[in-house]
Amino acid sequence: MRRLFPVTDQTPASPRDLTDREWSLDELADAYAYPGLGPDGHWLRANMVSTLDGAAQHDGRSQPISGETDMRIFGTLRALADVVVVGAETVRQEGYRPARAREAFAARREASGQGPAPAIAVVTASMDLDFSLPLFASPLVPTLVVTGAAAPADRVAAAVKAGAEVVVAGDGAAVDAARAVRELAERGLRRQLTEGGPRLLGQFVAADALDELCLTISPMLTAGGAQRIAGGPSVTVPHRLAPACVLEEAGFLFTSYRRI
């Protein structure tokens, strides 16, 4: 893997950084470390993959446009997070399972005051979820369900019975994206990672709640009508981000952009 852009302006690339080699998990964790957070701070980053022609999925899933190093970065970003925030449709489409403890990151998480693995927070208005799945039935860390105050009472009860923690982040049935970020932070889940899908990421963008986008650009073309990485209504004024890091391997670009 080659670094094409320094992590910060104060971190020039060394000759070793420019060689083609596999980075260790520790190096990836350093490159993608969360910024320092104050006592009340929180940071929401998104991790998405897109083809050269803008497709976020192929046949409804992101895996076909991903690659081995993309999955290593995927695992690293999870290992750094307190919570992984994901939309219900993505849970259904991608077959989400509980996050697992990774021995390679155990010491780093302990030093940061984190538990063995991040929690998964599923954002849903309808509560149309199968609470018998391992994500709810056997997680290492209890799964959270983020919904609105008007969510169906019987489904809320089913979630609680399954062992999930229900987080109310909206006055109606829908979830207020900015409020969801605050509600999770108030529970100590301040290092936040969203893996989409596109509709949920679009809600975070529209609410101006996204602090960082980690985008893998896959060297593939798919054409067709696949979704972009973010969907939903457009913002009034485009949000401008600044590049923080660009890595390259096997034609894939692994980029990170942070809010200015």
query: Taking the side chain as C-beta and beyond, is there a heavy-atom pair between T69 and L247 under 4.5 Å?
result: no

message: Show, in sequence, the C-alpha distance, side-chain angles and deciding distance for R92 and L129, and conclude whether the side-chain contact (heavy atoms from CB on, under 4.5 Å) test is met.
response: CA-CA 8 Å; R92 291 187 287 264; L129 297 164; 4.2 Å; yes

message: Quick test of your reading: applying salt bridge (Lys or Arg N to Asp or Glu O under 4.0 Å), list the pairs with at least one residue in residues 162-175, sequence neighbours left out, ordered by first then second residue.
response: E165-R187, D171-R179

message: Is it the case that over 12 heavy atoms from other parts of the model lie below 6.0 angstrom from the CZ atom of R100?
response: no

message: Per the salt bridge (Lys or Arg N to Asp or Glu O under 4.0 Å) rule, what does the pair list look like for residues 193-203, sequence neighbours excluded?
response: R78-E195

field: Contacts of R259 that satisfy salt bridge (charged side-chain N to carboxylate O under 4.0 Å, His left out) - sequence neighbours left out
entry: D208, D211

query: Can you tell me how far CZ of R190 sits from CG of D40, rounded to the nearest 0.5 angstrom?
result: 8.0 Å

message: If I take atom CG from residue L135 and atom CG from residue D130, how far apart are they, to the nearest 0.5 angstrom?
response: 10.0 Å

- prompt: Is there side-chain contact between L144 and L189, with at least one heavy-atom pair below 4.5 Å?
  reply: yes

message: Could you work out, with side-chain contact (heavy atoms from CB on, under 4.5 Å) as the rule, every residue matching A46, not counting sequence neighbours?
response: T194, L201, L210, L213

Counting only pairs under 3.5 Å, give me each side-chain donor-acceptor contact of residues 223-236, with atom names and distances, residues two or more places apart or in other chains.
none

- prompt: Is there side-chain contact between I73 and W23, with at least one heavy-atom pair below 4.5 Å?
  reply: no

Heavy-atom pair with the smallest gap, counting every atom of P142 and A119: O-CB, 4.0 Å

- prompt: F105 versus T76: any side-chain heavy-atom pair under 4.5 Å?
  reply: yes

query: Is any side-chain heavy atom of E22 closer than 4.5 Å to a side-chain heavy atom of R72?
result: yes

- request: Output, in order, the C-alpha distance, side-chain angles, deciding distance and verdict of side-chain contact (heavy atoms from CB on, under 4.5 Å) for Y96 and L133.
  value: CA-CA 9 Å; Y96 259 61; L133 294 175; over 6 Å; no

Test applied, side chain to side chain contact (heavy atoms under 4.5 Å, CB included); reference residue, F254; option that passes from I217, L28, D70, V246: D70

message: Suppose clustering is done on Ile, Leu, Val, Met, Phe, Trp and Tyr with side-chain heavy atoms closer than 4.5 Å. Which residues sit in the same group as F74?
response: M71

- request: Please identify each residue that fulfils side-chain contact (heavy atoms from CB on, under 4.5 Å) with A137, with sequence neighbours left out.
  value: none

task: State, with a plain yes or no, whether a side-chain heavy atom of L80 is found less than 4.5 Å away from one of R191.
output: no

statement: With sequence neighbours left out, the residues meeting salt bridge (charged side-chain N to carboxylate O under 4.0 Å, His left out) with E212 are R45, R258

field: Any pair counted as salt bridge (Lys or Arg N to Asp or Glu O under 4.0 Å), so long as it reaches residues 102-123, sequence neighbours left out
entry: D26-R108, D30-R108

query: Given side chains that start at C-beta, do those of T147 and M127 come closer than 4.5 Å, heavy atoms only?
result: yes

field: Contact summary for Q192 and Y34, nearest pair of heavy atoms
entry: O-OH, 3.1 Å

field: With S126 via side-chain contact (heavy atoms from CB on, under 4.5 Å) - residues at least two apart
entry: T124, D128

- prompt: Quick one: are C214 and L77 in side-chain contact, heavy atoms under 4.5 Å?
  reply: yes

- prompt: Which pairs pass ring-ring contact (aromatic ring centres under 6.0 Å, His included) with one or both residues in residues 176-211, sequence neighbours excluded?
  reply: none

- request: For S62, enumerate each residue passing the side-chain contact (heavy atoms from CB on, under 4.5 Å) test, keeping only those at least two apart in sequence or located in another chain.
  value: V49, E94

